[in-house]
Structures are given as C-alpha cells and as structure tokens.
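Have a look at the structure below, then the notes.
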Protein chains: 2
Amino acid sequence: MQLLHDAHLKITDARKIALHYLEKEARPVDAEEILEHLRKHKLATDRATVYRMIETFLEKDIINRFEFGEGKFRYELSGSDHHHLVCEHCGRIEDISDCGIEEWEKVVKKKKGFIIKHHSLEFFGMCRSCQR
Amino acid sequence: MQLLHDAHLKITDARKIALHYLEKEARPVDAEEILEHLRKHKLATDRATVYRMIETFLEKDIINRFEFGEGKFRYELSGSDHHHLVCEHCGRIEDISDCGIEEWEKVVKKKKGFIIKHHSLEFFGMCRSCQR
DNA sequence: TTACTTGCAAAGGCTTTGCATCGCC
DNA sequence: GGCGATGCAAAGCCTTTGCAAGTAA
C-alpha cells in the first residue's frame with residue numbers, strides 16, 4: 001500500500017488489512033473493532049500488535065484519534081478537518097465538515113493570546129432515523 | 001450546602017469538601033485530584049467513594065464530564081455553555097464561552113436532520129505564558 | 001543481514017462493583 | 001430506624017511494556 005510505503009513502514013498483512021478496514025468503514029473505529037476485523041481475516045493478531053500499529057499510524061499521521069465520552073479512543077483515517085454527529089440512540093457516527101474554526105482562531109488569539117494548534121468538536125443528539 | 005440539599009442528597013463531609021474544591025478550582029479536575037484534596041482535609045476517603053460521588057453528581061447535573069485526550073475524564077461544576085483552551089505545554093485549562101452553537105444547530109438540523117442535544121468543543125494549543 | 005514487527009505474558013491506569021458497615025435525616 | 005453513603009477488596013476495561021522470536025526489505 002502506498003500509504004505504508006510513503007511512511008517508510010514495512011508492509012505487513014495486519015497493517016494492510018487494518019488500513020483497508022479503516023478506509024472502508026470511514027467512521028471512527030476502536031481498537032477492538034480493528035482486532036475483530038483482523039481475526040475475521042484469519043489473522044491471529046494480538047491485541048498488543050493492534051495498539052502498536054495504532055501508535056505508529058498516529059505518529060505518521062495516517063490516522064487521527066477521537067473521543068466520544070466512552071472512556072476509550074476511536075481512530076479514523078486522516079483527512080480534511082471534520083467533526084462528528086454521534087447519535088445517542090443508535091450509536092451511529094456521521095462525519096460533518098467545515099466547522100468555521102478560522103473565526104475562532106482569530107478571536108481566541110486576540111482575546112486570550114492562545115494559539116490554537118488543533119481542536120475537537122463533536123455533537124451528540126439524535127439522528128434522523130432514530131427520530132421516527 | 002444548598003446544592004446537595006436541593007438535589008435530595010445527604011450532606012456528608014466528603015461531598016461538602018469535594019464540591020467546595022470544584023467551586024474553588026473552576027477548571028476540569030479529575031477523580032484523583034478530588035481524592036487528593038479530600039485526603040489533605042484529613043478525610044480517609046476511598047477512591048470508590050469519589051467515583052460514586054462523581055456518578056451521583058453527574059446524575060443530578062451538579063457537574064459535567066469532559067475529555068481532553070488523556071484517557072481519563074475530568075469534571076467541572078455545571079454552569080453556562082462553555083469550552084476549554086488546553087495548553088499542551090503547561091497543561092493549564094482555561095474556560096472560554098459562547099461558541100455560537102446555535103448556528104450549528106440550525107444548519108445540522110436542516111442538512112442532516114440531526115437534532116443536537118449537546119456537544120463538546122475543546123481547543124488545544126499554547127497559552128500566552130508558554131509562548132514566551 | 002538487520003532493523004523493524006509481532007506474539008505472549010504481564011502489568012499499569014482509570015473506573016466499577018459486591019458486600020458489610022456506618023451515619024445522615 | 002431506615003435508607004442512602006462509605007470503606008475495603010476485588011475485578012473489569014482499555015492500553016502499555018518487556019522480551020524473545022519472526023520477518024520484510
């Protein structure tokens with residue numbers, strides 16, 4: 001895979017399948033889900049390997065880490081600045097983009113002298129299907 | 001304390017001192033900090049008690065829970081809608097208010113049919129003092 | 001070959017739970 | 001006195017780490 005090659009990472013089965021999974025899911029998945037997916041593909045991968053893989057991908061900026069108040073982390077392939085709509089009824093997590101952070105950066109810099117490097121913004125509520 | 005009385009909670013030393021601490025700190029503190037504070041006040045409080053206290057306060061909406069990518073939760077006295085500036089250099093967490101969420105609620109409702117109940121918004125970067 | 005990856009086992013950090021006792025109202 | 005609150009001990013989840021063996025380049 002190009003992503004792995006570009007990051008100077010060795011191309012192993014576990015990494016290939018995990019990346020493919022992240023790409024296919026296109027939503028924040030947790031370590032356990034990655035592990036389960038690998039095992040479905042007959043890979044006897046260890047939990048420790050998954051966490052080390054995640055650590056490596058984070059360092060190489062291949063994935064990003066998110067939190068949704070679950071007491072655990074979720075990961076998603078890096079991409080454009082975007083946020084999430086978390087349905088508290090069905091658990092579905094949908095992407096949403098353009099949060100207008102630029103405005104905030106200016107205001108916060110001026111008012112507080114604080115320089116924003118990055119931010120987290122997640123919305124919790126109820127998705128359309130669950131409202132029916 | 002009025003807060004405890006209004007919530008129909010028994011007024012115990014641990015709860016009184018913990019609430020006073022949360023009020024004084026006015027920043028998101030974690031369970032361990034609450035425990036340490038209680039012990040400084042000669043209370044041989046157990047860690048389990050702190051977590052149960054937190055659970056109760058959350059249910060009664062006396063406090064709110066936040067995450068800052070630390071793999072643990074932090075808690076702050078409930079109040080107006082506000083967010084945080086997390087300095088990644090010194091760790092200081094500062095409050096900031098008015099995130100203009102109303103705009104978002106309208107847009108998200110219209111575009112995605114998603115109803116926002118609450119949200120989390122945190123900024124990470126470097127505070128004024130750490131820039132020197 | 002050789003440095004990077006992985007498996008296995010153990011531990012570590014944060015949080016929750018069962019149960020008997022204690023204490024606020 | 002009664003029911004909620006607490007202490008103690010143990011366990012549960014998620015994540016990290018040490019070390020030896022395996023493997024991609």
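In what follows, chains carry the letters A, B, and so on, assigned in the order in which the sequence lines appear, proteins first and then strands, with residues in each chain numbered from 1.
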Quick one about [Y] and [X] (side-chain donor to acceptor, distance below 3.5 Å, no hydrogens or angles considered), yes or no?
{"X": "His41(A)", "Y": "His20(A)", "result": "no"}
{"X": "Glu122(B)", "Y": "His118(A)", "result": "no"}
{"X": "His82(A)", "Y": "Glu76(A)", "result": "yes"}

Identify, between Asp13(B) and Asp30(B), the residue whose nearest nucleotide on DNA chain C lies closer to the 5' end.
Asp30(B)
Phosphate OP1/OP2 of dG23(C): any Thr12(B) side-chain N/O under 4.0 Å:
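Answer is no, no contact under 4.0 Å.
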Is the shortest side-chain N/O distance from Thr49(B) to OP1 or OP2 of dG7(D) below 4.0 Å?
yes
What is the distance, to the nearest angstrom, from the [atom1] atom on [X] to the [atom2] atom on [N]?
{"X": "Lys16(A)", "N": "dA24(D)", "atom1": "NZ", "atom2": "C1'", "answer": "11 Å"}
{"X": "Arg15(A)", "N": "dG22(D)", "atom1": "CZ", "atom2": "P", "answer": "19 Å"}
{"X": "Asp46(B)", "N": "dT17(C)", "atom1": "CG", "atom2": "P", "answer": "15 Å"}
{"X": "Leu9(A)", "N": "dT5(C)", "atom1": "CG", "atom2": "C1'", "answer": "11 Å"}
{"X": "Tyr51(B)", "N": "dT6(D)", "atom1": "OH", "atom2": "C1'", "answer": "16 Å"}
{"X": "Ile34(B)", "N": "dC14(C)", "atom1": "CD1", "atom2": "P", "answer": "14 Å"}
{"X": "Leu43(A)", "N": "dG22(D)", "atom1": "CG", "atom2": "P", "answer": "18 Å"}
{"X": "Glu70(A)", "N": "dC14(D)", "atom1": "CD", "atom2": "P", "answer": "10 Å"}

So, does the side chain of [X] form a donor-acceptor pair with the base of [N] at under 3.5 Å?
{"X": "Lys72(A)", "N": "dC13(D)", "result": "no"}
{"X": "Arg52(B)", "N": "dG18(C)", "result": "yes"}
{"X": "Arg47(B)", "N": "dG13(C)", "result": "no"}

What's Thr45(A) touching, base or sugar-phosphate or nothing? Going by heavy atoms closer than 4.0 Å.
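If one applies the 4.0 Å heavy-atom cut-off, Thr45(A) turns out to touch the sugar-phosphate alone, with no base involved.
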Under 4.0 Å, heavy atoms only, any strand: does Ile54(B) hit a base, just the sugar-phosphate, or nothing?
nothing
Is the NZ or CZ atom of Arg65(B) positioned over Tyr75(B)'s six-membered ring, under 6.0 angstrom from the centre and within 45° of the axis?
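That pair does not qualify as a cation-pi contact.
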Nearest listed nucleotide, side chain of Ala14(A), among dT6(D), dT6(C), dG7(D)
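Looking only at heavy atoms from C-beta outward on Ala14(A), the closest nucleotide is dT6(C).
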From the set dG7(D), dC25(C), dA25(D), return the single nucleotide nearest to any side-chain atom of Lys10(A).
dA25(D)
Quick check: on DNA chain D, is the nucleotide nearest Ala48(A) upstream (toward 5') of the one nearest Glu32(A), or the reverse? Name the residue that is more 5'.
Glu32(A)
Run the salt-bridge test on Glu67(A) and Arg74(A) with the 4.0 Å N-O cut-off and return the result as yes or no.
no
